[in-house]
**Q** 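Below is a structure I'd like to ask you about.
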Amino acid sequence: MGLWRKRGAGGACAACLLAASLSLAACAAPGQTEGQPPESLGPSPAEQGGAPAEPVPDQALLATLMGDADLASRLVSAAEADEDVRWIATHPDALGADGASTQRKLLSLAATEPAAVPFVRGFPERYPAEAGVPGDGPEAGQVPHLYQWDERWGYTVYGGAAFASTGCCPTALCMVYQGLTGKGDLTPYDMGLRAQEGGFVTEGGGTDAAFMVQQAPSLGLACTELYANAENLRAALSAGQVVVANMAPGDFTETGHYVVAVGLDADGQVVVNDPFSAERSARAWPVETVAGQAIAFHAFALA
């Protein structure tokens, strides 16, 4: 009471107290006693130190980097269900250290090849690797399906870029070698070393087809160069040979690529082991399609 007397405004302050009391009653939360201070709403997310919202893939940027709006859309869709793909789609710059071509191929892998996603996710930390590691070897009587982006050799450097991007020819020849000889002592990485040491790597990181011809005798193989037509491809496969097809731009590549034709199915279509794509390898191809898009064929048999 002494405090109010000192201010000399007892009557006025009583009115203020009444107004304040009414105000507290008006602002009280349901179930809150009149005059009781409102319960705290708790600290804000920022005060709690909560994690910021996850980044969202920039589909327009991805379409530019990938050169394909449909592939970018597939990548964004895949990112919705896979944490690694989401990281890839929101950190495309992390894949750009090896240049735009490799970056585009890595993003394409993440969009279309689920088995390659762990490889792509590990690329920023693991590339470049100094050497490859041994493979498992082939199953008897089968041409193994090997991929240039396999983690055992895909992070090494071939032709000035990642083997995963440029190593289709060494990988194709390794499939032929392992399938025909049954040996697993040489990997795609080993074939790549042979190509580099022999001077068969072309400008831009490709591989001269002469590499396969030159290497065949040392691998215990006979190699026959064939014109790329449907008759030659069908005849070679019917005879039990394994054919490496040097492909021009088309269904298999935008620039150039080597795939392995391992045989004909019951419908007479070509069974293909594509060293870059499980998706393209999962279907059979008309002989005329493969022959029509190829530059040349190299048919292999045991020497």
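If you read the sequence from its start, that first residue is 1, and numbering goes on from there.
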**Q** Taking ring pair (Phe, Tyr, Trp, His ring centres under 6.0 Å) as the cut-off, I'd like each qualifying pair that reaches into residues 212-247, sequence neighbours left out, listed once.
**A**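 Residue pairs passing ring pair (Phe, Tyr, Trp, His ring centres under 6.0 Å), neighbours aside: none found.
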**Q** For residues Val259 and Phe276, determine if any side-chain heavy atom of one lies less than 4.5 Å from a side-chain heavy atom of the other.
**A**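 No, their side chains stay 4.5 Å or more apart.
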**Q** Identify, with sequence neighbours excluded, every residue that meets salt bridge (charged side-chain N to carboxylate O under 4.0 Å, His left out) alongside Glu197.
**A**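 Here no residue qualifies.
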**Q** What pairs with Pro138 under side chain to side chain contact (heavy atoms under 4.5 Å, CB included), at least two apart in sequence or on another chain?
**A**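 For Pro138, the residues satisfying side chain to side chain contact (heavy atoms under 4.5 Å, CB included) (neighbours in sequence not counted) are Pro144, Gln178.
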**Q** For atom CD of Glu254, decide whether the heavy atoms of other residues, nucleotides or ligands shown that lie under 6.0 angstrom number more than 12.
**A**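 Count not over threshold, so no.
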**Q** Quick test of your reading: applying ring pair (Phe, Tyr, Trp, His ring centres under 6.0 Å), list the pairs with at least one residue in residues 182-226, sequence neighbours left out, ordered by first then second residue.
**A**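 Sorted result for residues 182-226: Phe200-Phe211.
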**Q** Nearest 0.5 Å please: distance from the OG atom of Ser77 over to the CG atom of Asp82.
**A**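 So the gap between those two atoms works out to 12.5 Å.
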**Q** Kindly indicate whether the side chain of Leu264, heavy atoms from C-beta on, has any atom under 4.5 Å from the side chain of Ser238.
**A**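 The answer is yes; the side chains approach within 4.5 Å.
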**Q** Can you name the salt bridge (charged side-chain N to carboxylate O under 4.0 Å, His left out) partners of Asp136, sequence neighbours left out?
**A**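 For Asp136 the salt bridge (charged side-chain N to carboxylate O under 4.0 Å, His left out) partners, ignoring immediate neighbours, are Arg152.
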**Q** So Arg194 and Leu186, do their side chains get closer than 4.5 Å, heavy atoms only?
**A**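 Of all side-chain heavy-atom pairs linking Arg194 with Leu186, at least one is under 4.5 Å.
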**Q** Heavy atoms, side chains only, cut-off 4.5 Å: are Phe300 and Val244 in contact?
**A**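 Result yes, sub-4.5 Å side-chain heavy-atom pair found.
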**Q** For the side chain of Gln59 and the backbone of Val76, is there at least one donor-acceptor N/O pair under 3.5 Å apart?
**A**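 Pair absent, no side-chain N/O of Gln59 close to backbone of Val76.
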**Q** Under the rule for salt bridge (charged side-chain N to carboxylate O under 4.0 Å, His left out), what residues qualify as partners of Glu139, not counting sequence neighbours?
**A**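 Once residues adjacent in sequence are excluded, Glu139 has no partner under the salt bridge (charged side-chain N to carboxylate O under 4.0 Å, His left out) criterion.
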**Q** Looking only at the side chains, is there a donor atom on one of Asp190 and Thr187 sitting less than 3.5 Å from an acceptor on the other?
**A**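 There is such a pair between these side chains.
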**Q** Just by modelled atom types, is the Asp274 backbone N or O under 3.5 Å from a matching donor or acceptor in the Ser281 side chain?
**A**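 Answer holds: yes.
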**Q** Do Thr166 and Thr207 make a side-chain contact, defined as non-hydrogen atoms from C-beta onward lying under 4.5 Å apart?
**A**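 A side-chain contact is absent here, since even the closest heavy-atom pair is not under 4.5 Å.
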**Q** Crowded around Glu130 CD? As in, over 12 foreign heavy atoms under 6.0 Å?
**A**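 No, CD of Glu130 has 12 or fewer neighbouring heavy atoms, counting only those of other groups under 6.0 Å.
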**Q** Please enumerate all residues that pass ring-ring contact (aromatic ring centres under 6.0 Å, His included) together with Phe252, with sequence neighbours excluded.
**A**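 Partners of Phe252 under the ring-ring contact (aromatic ring centres under 6.0 Å, His included) test: Trp285.
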**Q** Can you pull out every ring pair (Phe, Tyr, Trp, His ring centres under 6.0 Å) where at least one residue sits in residues 55-98? Sequence neighbours excluded, please.
**A**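 Counting only pairs at least two positions apart or across chains, the ring pair (Phe, Tyr, Trp, His ring centres under 6.0 Å) contacts touching residues 55-98 are Trp87-His91.
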**Q** Just to verify, what does Tyr258 make a ring-ring contact (aromatic ring centres under 6.0 Å, His included) with, not counting sequence neighbours?
**A**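 For Tyr258 there are no ring-ring contact (aromatic ring centres under 6.0 Å, His included) partners, ignoring immediate neighbours.
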**Q** Can you find a heavy atom in the side chain of Leu173 that is under 4.5 Å from one in the side chain of Leu219?
**A**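 A side-chain contact under 4.5 Å exists here.
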**Q** What I'd like to find out is whether the side chain of Ser165 reaches to under 4.5 Å of the side chain of Tyr158, using heavy atoms alone.
**A**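 The answer is no; the side chains never approach within 4.5 Å.
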**Q** Short question: side chain of Asp150, backbone of Trp153 - any donor-acceptor pair under 3.5 Å?
**A**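 No; judged by distance alone, with no hydrogens or angles, the pair does not exist.
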**Q** Show me, pair by pair, the donor-acceptor contacts under 3.5 angstrom made by side chains of residues 107-124, not counting sequence neighbours?
**A**
residue : atom : partner : partner atom : Å
Thr112  : OG1  : Ser108  : O            : 2.8
Glu113  : OE1  : Ala278  : N            : 3.0
Glu113  : OE2  : Ser277  : OG           : 2.8
Glu113  : OE2  : Ala278  : N            : 3.2
Glu113  : OE2  : Glu279  : N            : 3.2

**Q** Could you list the residues that satisfy ring-ring contact (aromatic ring centres under 6.0 Å, His included) with Tyr177, not counting sequence neighbours?
**A**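 None.
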**Q** Suppose we screen for salt bridge (charged side-chain N to carboxylate O under 4.0 Å, His left out). Which residues come up paired with Arg86, at least two apart in sequence or across chains?
**A**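 Applying salt bridge (charged side-chain N to carboxylate O under 4.0 Å, His left out) to Arg86 gives Glu54.
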**Q** Any sub-3.5 Å donor-acceptor pair from Asp58's side-chain atoms to Ala60's backbone N or O?
**A**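 Yes: the side chain of Asp58 pairs with the backbone of Ala60.
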**Q** Side chains of Pro275 and His145: closer than 4.5 Å at any heavy-atom pair?
**A**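 Not touching, per the 4.5 Å side-chain cut-off.
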**Q** Using modelled atom types only, decide if a donor and an acceptor are shared between the side chain of Gln103 and the backbone of Asp98 within a distance under 3.5 Å.
**A**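 No, the answer is negative, given that no donor and acceptor are paired below the 3.5 Å cut-off.
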**Q** Look up atom CG in Asn273 and atom CE in Met175, then write down how far apart they are to the nearest 0.5 Å.
**A**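 Between Asn273 CG and Met175 CE, I get 5.5 Å after rounding to 0.5 Å.
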